[in-house]
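Only a predicted model underlies this, so the values are computations on that prediction, with no experimental measurement involved. So you know, we letter chains A, B, ... as the sequences are listed, proteins then strands, and number each from 1.
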Amino acid sequence: MNLFSDIRSLVIQSLDAMVAESALPEGLSFDNVAVEPPRDAAHGDMATNAAMVLAKPARLKPRDIAEALAVKLAADPRIDSAEVAGPGFLNLRLTPSVWQGVVGQVLQLGPDFGRSEMGQGVRVNVEYVSANPTGPLHVGHTRGAVFGDALASLLDYSGHDVTREYYINDGGAQVDVLARSVYLRYLEALGQDVAFEDGTYPGDYLIPVGQALAEQKGDAWVGQPESVWLEELRDFATDAMMDLIRADLAALGVEMDVFFSEKSLYGTGLIEKAIEELRAKGLIYRGVLEPPKGKTPEDWEPREQTLFRSTAHGDDVDRPIMKSDGGWTYFAPDIAYHYDKVSRGFDALIDVFGADHGGYVKRMKAAVSALSGGKVPLDIKLTQLVRLFKNGEPFKMSKRAGTFVTLRDVVDQVGPDVTRFVMLTRKNDAPLDFDFDKVLEQSRENPVFYVQYAHARVMSVLRRAAEAGFATDDAVLGAADLSKLDHRAELAVARKLSEWPRLVETAARANEPHRVAFYLYELAGDFHALWNRGNDTPGLRFVQDGDEATSRAKMALARAVSVVISAGLGILGVTPAQEMR
RNA sequence: GCACCCAUAGCUCAGCUGGAUAGAGUGUCGCCCUCCGAAGGCGAAGGUCGUAGGUUCGAAUCCUACUGGGUGCGCCA
């Protein structure tokens, strides 16, 4: 299924044979032996570093090992040639039938070509978005949502058992602020003049919430103190906000498996239990923290607090878990939440945060490390800022309080597919420029268009071939005589297709879905290049009039490209285009 | 002050968990676009991979120290 691991197995087999023949000493580790595509295609199809990795432990010259290995490898029918190059690289050329076989495999396996068992069913929890339930999602959340969702899909595709989860911060003081803001909108809905002071959310999105409340309650809460309405209104408001957020996510095509409420942790003893767990390990104590150097707050005074000894697990300073009034800090329920995730049996945790939460990474890792006894790894991916542009100019919404660029603003303008793809054209830890005009441009500069165009071109070829009376279904194309794909340009595309399964695995290992987007751009580039050559060389066109056998083989290649593009876009959550307009 | 992230072609960025002469788009320059599947195509120039050390067969990649930019830093989540 993965050509590179197949060839690597062949290399290992040959090395084993060399050991058996005493050409290599026994007891060598082959773990570092790699088979990779060479940077420069002129070097061949694949290269292995086996000789260089083994030279030192085997106490042999790399070139001697390489030459002996080359002889063994060349005996395999898949290997066209094996040449020693440079300090001891072994460059392999595969026979055309290998590349032709890749095309057949893609058609046979369809979207599952590239699917991997690498994850071995490991249970991974991916937590992302987790925006406070106090308003609609904005652009920053959008990037986190797209990244987290694509990462989850990528992990699923590479054999992990993935749970997509959203943590609702509905326990803190910001929910009081929300409730009071809704109360003002409630009064407003009943005809009162209200003023939004500092410390309330003035956004328009609360108007309908206030109206709904007015319809439900009538004037029962007018003039009443907070003690009457605050508790109930907290629930009412967060429910309304979560409905809003769910709808935002749906507009982007994001679907969560679990929404986990912070509030649900309170009163259940879960927080206490998690803290006790840490206390039992001697990680909870009363103490006084040093003031931060350089930027000491004006009102700094030493205070004794209940602290978590996060420094025992790699943090820089210990962190407070309890406020002086005896309430928990925000960190305590977060510890309990991650404790809950560990208790639910996940083998690995991933949190996707905005870059402004960077300072939170070490303490969270420390907590999970302590609570799981170091058994459950927590990877925290930070998504950097999104800078918005329109026509090359920085784009800003009006400064009026309460307005910001929302997920809806973006999705309504460019659509979910473009939004998602563009958000993944940069690695997560690099800032991203998003230009409302450029992302819709139809040019090679725009990767979204370029990839979609490649897919649409394939669809268009198949449509026209069908109109001309050719059979174009996958079963027929899959049975094509692929030995007719003998041109270098065609084999180059097949070679690119063969990299897909390997790319999935490396991207998944690094938790970096952007690599999928870049691969698709390259694959589309190779496909467009082949298409363009058809302009000068009619023999390279996909449909050859009057020669159905050759046409089938060429259409099989095109179809294979579309299958892989479609699978890749599927991971990114983007719908492949059937035609361009 | 400390921590984390970043620094690669004029510009925007890749670089596959250490591999060969560091890649792409864009921009610049040259050629092609009467017929053909040109929302273009072919080619060229363009780099001390922030600086200085170190690790080793081998470093853009790992380590250390600097320089420059971003983010964060005790009862806000």
Which whole-number value in Å describes the distance from [X] [atom1] to [N] [atom2]?
{"X": "F89(A)", "N": "C57(B)", "atom1": "CZ", "atom2": "C1'", "value": "10 Å"}
{"X": "N32(A)", "N": "U17(B)", "atom1": "CG", "atom2": "P", "value": "12 Å"}
{"X": "F527(A)", "N": "A24(B)", "atom1": "CZ", "atom2": "C1'", "value": "20 Å"}
{"X": "I65(A)", "N": "C57(B)", "atom1": "CD1", "atom2": "C1'", "value": "12 Å"}
{"X": "H528(A)", "N": "A38(B)", "atom1": "NE2", "atom2": "P", "value": "13 Å"}
{"X": "L385(A)", "N": "G72(B)", "atom1": "CG", "atom2": "C1'", "value": "12 Å"}
{"X": "F260(A)", "N": "A77(B)", "atom1": "CZ", "atom2": "P", "value": "18 Å"}
{"X": "Y360(A)", "N": "G74(B)", "atom1": "OH", "atom2": "C1'", "value": "14 Å"}

According to the interplanar angle, ranging from 0 to 90°, do the rings of [X] and [Y] count as parallel (below 30°), tilted (30 to 60°) or perpendicular (above 60°)?
{"X": "F527(A)", "Y": "F542(A)", "answer": "parallel"}
{"X": "F353(A)", "Y": "H357(A)", "answer": "tilted"}
{"X": "H528(A)", "Y": "Y450(A)", "answer": "tilted"}

Out of [options], which has the shortest distance to the side chain of [X]?
{"X": "V53(A)", "options": "G19(B), A39(B), A77(B)", "result": "G19(B)"}
{"X": "M52(A)", "options": "U71(B), A20(B), G19(B)", "result": "G19(B)"}
{"X": "Y521(A)", "options": "A77(B), G25(B), G19(B)", "result": "G25(B)"}
{"X": "Q305(A)", "options": "G74(B), G41(B), A77(B)", "result": "G74(B)"}

Using atom [atom1] of each nucleotide, how far apart are [N] and [M] to the nearest Å?
{"N": "C35(B)", "M": "C29(B)", "atom1": "P", "result": "28 Å"}
{"N": "G58(B)", "M": "G19(B)", "atom1": "C1'", "result": "7 Å"}
{"N": "U48(B)", "M": "G25(B)", "atom1": "C1'", "result": "25 Å"}
{"N": "C6(B)", "M": "G72(B)", "atom1": "C1'", "result": "15 Å"}
{"N": "U67(B)", "M": "A22(B)", "atom1": "P", "result": "31 Å"}
{"N": "G47(B)", "M": "C62(B)", "atom1": "P", "result": "25 Å"}
{"N": "A14(B)", "M": "G53(B)", "atom1": "C1'", "result": "28 Å"}
{"N": "C49(B)", "M": "U61(B)", "atom1": "P", "result": "10 Å"}

(Q) With a cut-off of less than 4.0 Å, is there a side-chain N or O of R444(A) near OP1 or OP2 of G25(B)? (A)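 Result: yes.
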Looking at every strand, decide which applies to [X] at a 4.0 Å heavy-atom threshold: base, sugar-phosphate, or nothing.
{"X": "E262(A)", "answer": "sugar-phosphate"}
{"X": "E445(A)", "answer": "sugar-phosphate"}
{"X": "A510(A)", "answer": "nothing"}
{"X": "F542(A)", "answer": "base"}
{"X": "A47(A)", "answer": "base"}
{"X": "N91(A)", "answer": "base"}
{"X": "M580(A)", "answer": "base"}

One should report the stems of RNA chain B, each a stretch of at least three consecutive Watson-Crick or G-U pairs at distances under 3.5 Å, as B:1-5 with B:69-73, B:10-13 with B:23-26, B:28-32 with B:40-44, B:50-54 with B:62-66
- Do the ring centers of F436(A) and F434(A) come within less than 6.0 Å of each other?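 Close enough - the centres of the two rings lie under 6.0 Å apart.
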Check whether the ring centres of Y128(A) and F147(A) lie less than 6.0 Å apart, and answer yes or no.
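Not under 6.0 Å, so no.
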Distance-only polar pair, side chains of D318(A) and Y285(A), donor-acceptor under 3.5 Å: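 Yes - a donor-acceptor pair under 3.5 Å links their side chains.
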- Query: Does atom CD of E304(A) have more than 12 heavy-atom neighbours, drawn from other residues, nucleotides or ligands, at distances under 6.0 Å?
  - Reply: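 Yes - once you tally the heavy atoms of other residues, nucleotides and ligands closer than 6.0 Å, there are more than 12.
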Kindly give the heavy-atom pair with the smallest separation between [X] and [Y], and that separation in Å.
{"X": "Y157(A)", "Y": "F113(A)", "result": "OH-O, 2.8 Å"}
{"X": "T306(A)", "Y": "I284(A)", "result": "CG2-CG2, 3.8 Å"}
{"X": "A51(A)", "Y": "P62(A)", "result": "CB-O, 3.2 Å"}

RNA chain B nearest-nucleotide lookup for G359(A) and P538(A): closer to the 5′ end is P538(A)
Result for 5'-nearest mapping on RNA chain B, choosing between P320(A) and F331(A), is P320(A)
Protein-proximity profile, nucleotides 4-16 of chain B, B/S/- by nucleotide at the 4.0 Å heavy-atom cutoff, equals SSS-----SSSSB
Non-neighbouring partners of R464(A) that pass side chain to side chain donor-acceptor pair (under 3.5 Å), sequence neighbours left out:
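If we apply the side chain to side chain donor-acceptor pair (under 3.5 Å) test to R464(A), skipping adjacent residues, the hits are S460(A).
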Taking the six-membered ring of F4(A), is the NZ or CZ of R502(A) close enough (under 6.0 Å from the centre) and on axis enough (within 45°)?
->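 R502(A) over F4(A) ring: yes.
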